[in-house]
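Below is one structure, written out as structure tokens, with a few remarks after it.
Whatever order the structure lists them in is the order used to number ligands and atoms, beginning at 1. None of these values were measured; they are calculated from a predicted model.
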Amino acid sequence: LCAFVAPAEAQSYPTRSITMIVPFAAGGPTDVVARIVTAHMAQTLGQSIIIENVVGAGGTTATTRAARAANDGYTLITGHMGTHAASVPLYPKLAYHPEKDFEPIALLAGTPILILARKDFPPKDLKEFVTYVKANAEKVNAAHAGVGSVSHVSCELLHSILDVKPVGVPFNGTGPAMNALVAGQVDYMCDQIVNAVPQINAGTIKAYAIATAERNPSLPNVPTTAEAGLPAFQAQAWNAMFAPKGTSPAIVASLNAAAVKALDDENVRKRLLELGSVIPGPAERTPEALAALVKAEIAKWSPVLKPAS
Ligand code: MLT
């Protein structure tokens with residue numbers, strides 16, 4: 001009997017609303033990407049997708065919850081380079097493994113990293129920033145979204161290049177961290193472009209450089225780190241959708257098809273591109289490609305990141 005039940009369930013999926021866990025605060029980059037894509041996916045799937053922001057421990061609290069959720073396709077997570085790669089070396093007692101405890105669904109967006117500062121932070125360009133941070137490493141602070149978050153890992157990389165250890169100021173996401181930066185309560189941050197574009201365009205923060213090989217079309221006036229004198233700092237994060245391990249292949253295929261359709265939609269693309277995201281090409285959108293990305297990213301970050309002591 002079971003052999004007949006499973007395909008019928010998969011065919012009718014989804015019959016009720018789906019919960020999408022976002023492991024950081026509302027309004028931050030992961031939340032924004034998840035909301036843009038899932039709004040379109042909900043139309044395709046004919047059911048609402050409810051975003052649940054579950055914060056804490058650099059996204060690992062939410063990711064643990066998602067790993068333990070029923071694998072019936074009704075609880076998913078939008079994770080990222082931090083929750084599904086950097087967390088492995090940073091948290092020796094991590095309660096999940098990104099590869100063993102999840103079914104990859106689809107890569108949603110690449111998100112270049114920028115070095116940003118409060119508007120009245122003294123350095124006026126990246127060269128001055130480097131000199132200033134080196135000279136004042138004990139006084140300056142860097143906002144981030146918790147140990148293992150993209151903003152934390154990216155600034156750790158920057159700090160290792162500069163050979164400095166400024167104080168980190170953790171938030172539940174770079175949404176609230178950005179509010180603190182705009183309010184001048186923290187000095188600087190390494191954040192994903194999606195969170196930065198609206199503030200840079202509004203003139204509420206400074207952007208020193210984008211850590212990618214090319215400038216981003218959404219921020220044509222922001223130099224690359226190479227142009228601005230720090231070519232060693234290269235960083236781009238990614239956001240992707242996962243289901244708990246054991247979710248049926250038919251459900252994963254249905255979710256992947258809906259995500260792919262969203263990434264092909266003109267309005268979704270316009271919105272993601274306006275915010276500077278890199279939209280994955282067809283070959284990068286499969287569950288297999290996401291599995292390979294997670295494996296490669298764990299291998300990349302494991303020798304670089306050490307657990308917090
Ligand atoms: C967020 O959505 O707040 C970010 O993805 C946090 C981060 O990882 O820096």
Side-chain angles (χ1 to χ4, degrees), residues 20-38 51-66 76-91 94 98 107-117 141-159 168-182 186-199 205 207 210-211 233 235-242 271-272 275-278 293-294 297-298 300-301 304-305 308:
M20 175 62 71
I21 296 177
V22 166
F24 296 97
T30 310
D31 183 72
V32 167
V33 169
R35 283 178 199 269
I36 293 171
V37 178
T38 56
I51 302 281
E52 191 184 342
N53 299 88
V54 179
V55 301
T60 61
T61 302
T63 312
T64 302
R65 187 191 292 189
L76 311 173
I77 184 165
T78 299
H80 69 5
M81 185 198 92
T83 58
H84 282 74
S87 58
V88 173
L90 282 172
Y91 289 90
L94 196 64
L107 180 64
L108 305 182
T111 49
I113 301 297
L114 288 111
I115 305 172
L116 310 166
N141 62 56
H144 62 73
V147 171
S149 64
V150 164
S151 43
H152 170 254
V153 170
S154 304
C155 259
E156 284 289 293
L157 186 62
L158 174 67
H159 294 155
V169 184
F171 290 82
N172 280 333
T174 53
M178 181 61 79
N179 293 341
L181 195 69
V182 170
V186 288
D187 291 329
Y188 66 97
M189 174 157 76
C190 302
D191 199 11
Q192 296 167 76
I193 193 164
V194 172
N195 209 28
V197 167
Q199 298 301 339
I205 57 168
I210 184 163
F233 184 54
Q236 176 166 306
W238 46 268
N239 293 269
M241 199 175 283
F242 300 85
R271 195 76 195 99
L272 288 173
L275 293 171
S277 314
V278 180
L293 176 68
V294 169
E297 289 278 278
I298 293 172
K300 169 180 157 182
W301 289 109
V304 177
L305 300 171

- Task: May I ask you to identify, for Gln192, whether its side chain, its backbone, both or neither come under 4.0 Å of ligand 1 on a heavy-atom basis?
- Result: side chain
- Item | ligand 1 contact on His80 by region, counting heavy-atom pairs under 4.0 Å | side chain
[X], any N or O under 3.5 Å of ligand 1 N or O:
X      : result
Asp191 : no
Val150 : yes
Asp31  : no

- Test log, rule side chain to side chain contact (heavy atoms under 4.5 Å, CB included), inputs Met81 and Gln192: CA-CA 11 Å; Met81 185 198 92; Gln192 296 167 76; over 6 Å; no
Give the residue and atom name of whichever protein heavy atom lies nearest to [atom], and the separation in Å to one decimal.
atom                   : value
atom 3 (O) of ligand 1 : Thr174 N, 2.7 Å
atom 5 (O) of ligand 1 : Thr30 OG1, 2.6 Å
atom 9 (O) of ligand 1 : Ser151 OG, 2.6 Å
atom 6 (C) of ligand 1 : Ala145 CB, 3.4 Å

- After noting the C-alpha distance and the side-chain angles of Val55 and Phe171, does the key distance pass the side chain to side chain contact (heavy atoms under 4.5 Å, CB included) rule? CA-CA 9 Å; Val55 301; Phe171 290 82; over 6 Å; no
- Distance (rounded to the nearest 0.5 Å) between Ile21 CD1 and Thr30 OG1: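 Between Ile21 CD1 and Thr30 OG1, I get 13.5 Å after rounding to 0.5 Å.
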- Query: What distance separates Asn239 CG from Leu108 CG, expressed to the nearest 0.5 Å?
  - Reply: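 So the gap between those two atoms works out to 7.0 Å.
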- Item | Any Gly82 heavy atom less than 4.0 Å to ligand 1 | no
- Pro29 and Val32, any side-chain heavy atoms less than 4.5 Å apart: no
- Task: Please examine the side chains of Arg35 and Val22, heavy atoms only from C-beta on, and report whether any two atoms are closer than 4.5 Å.
- Result: no
- Query: Which atoms from ligand 1 have a heavy atom of Ser149 less than 4.0 Å away?
  - Reply: 7 (C), 8 (O), 9 (O)
- Item | Residue Gly173 vicinity, atoms of ligand 1 by number, heavy atom under 4.0 Å |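 Those atoms are 3 (O).
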- Is there a side chain to side chain contact (heavy atoms under 4.5 Å, CB included) between Leu90 and Trp301 once you walk through the steps? CA-CA 9 Å; Leu90 282 172; Trp301 289 109; over 6 Å; no
- Item | From CA spacing to verdict: side chain to side chain contact (heavy atoms under 4.5 Å, CB included), Phe242, Thr83 | CA-CA 11 Å; Phe242 300 85; Thr83 58; 5.8 Å; no
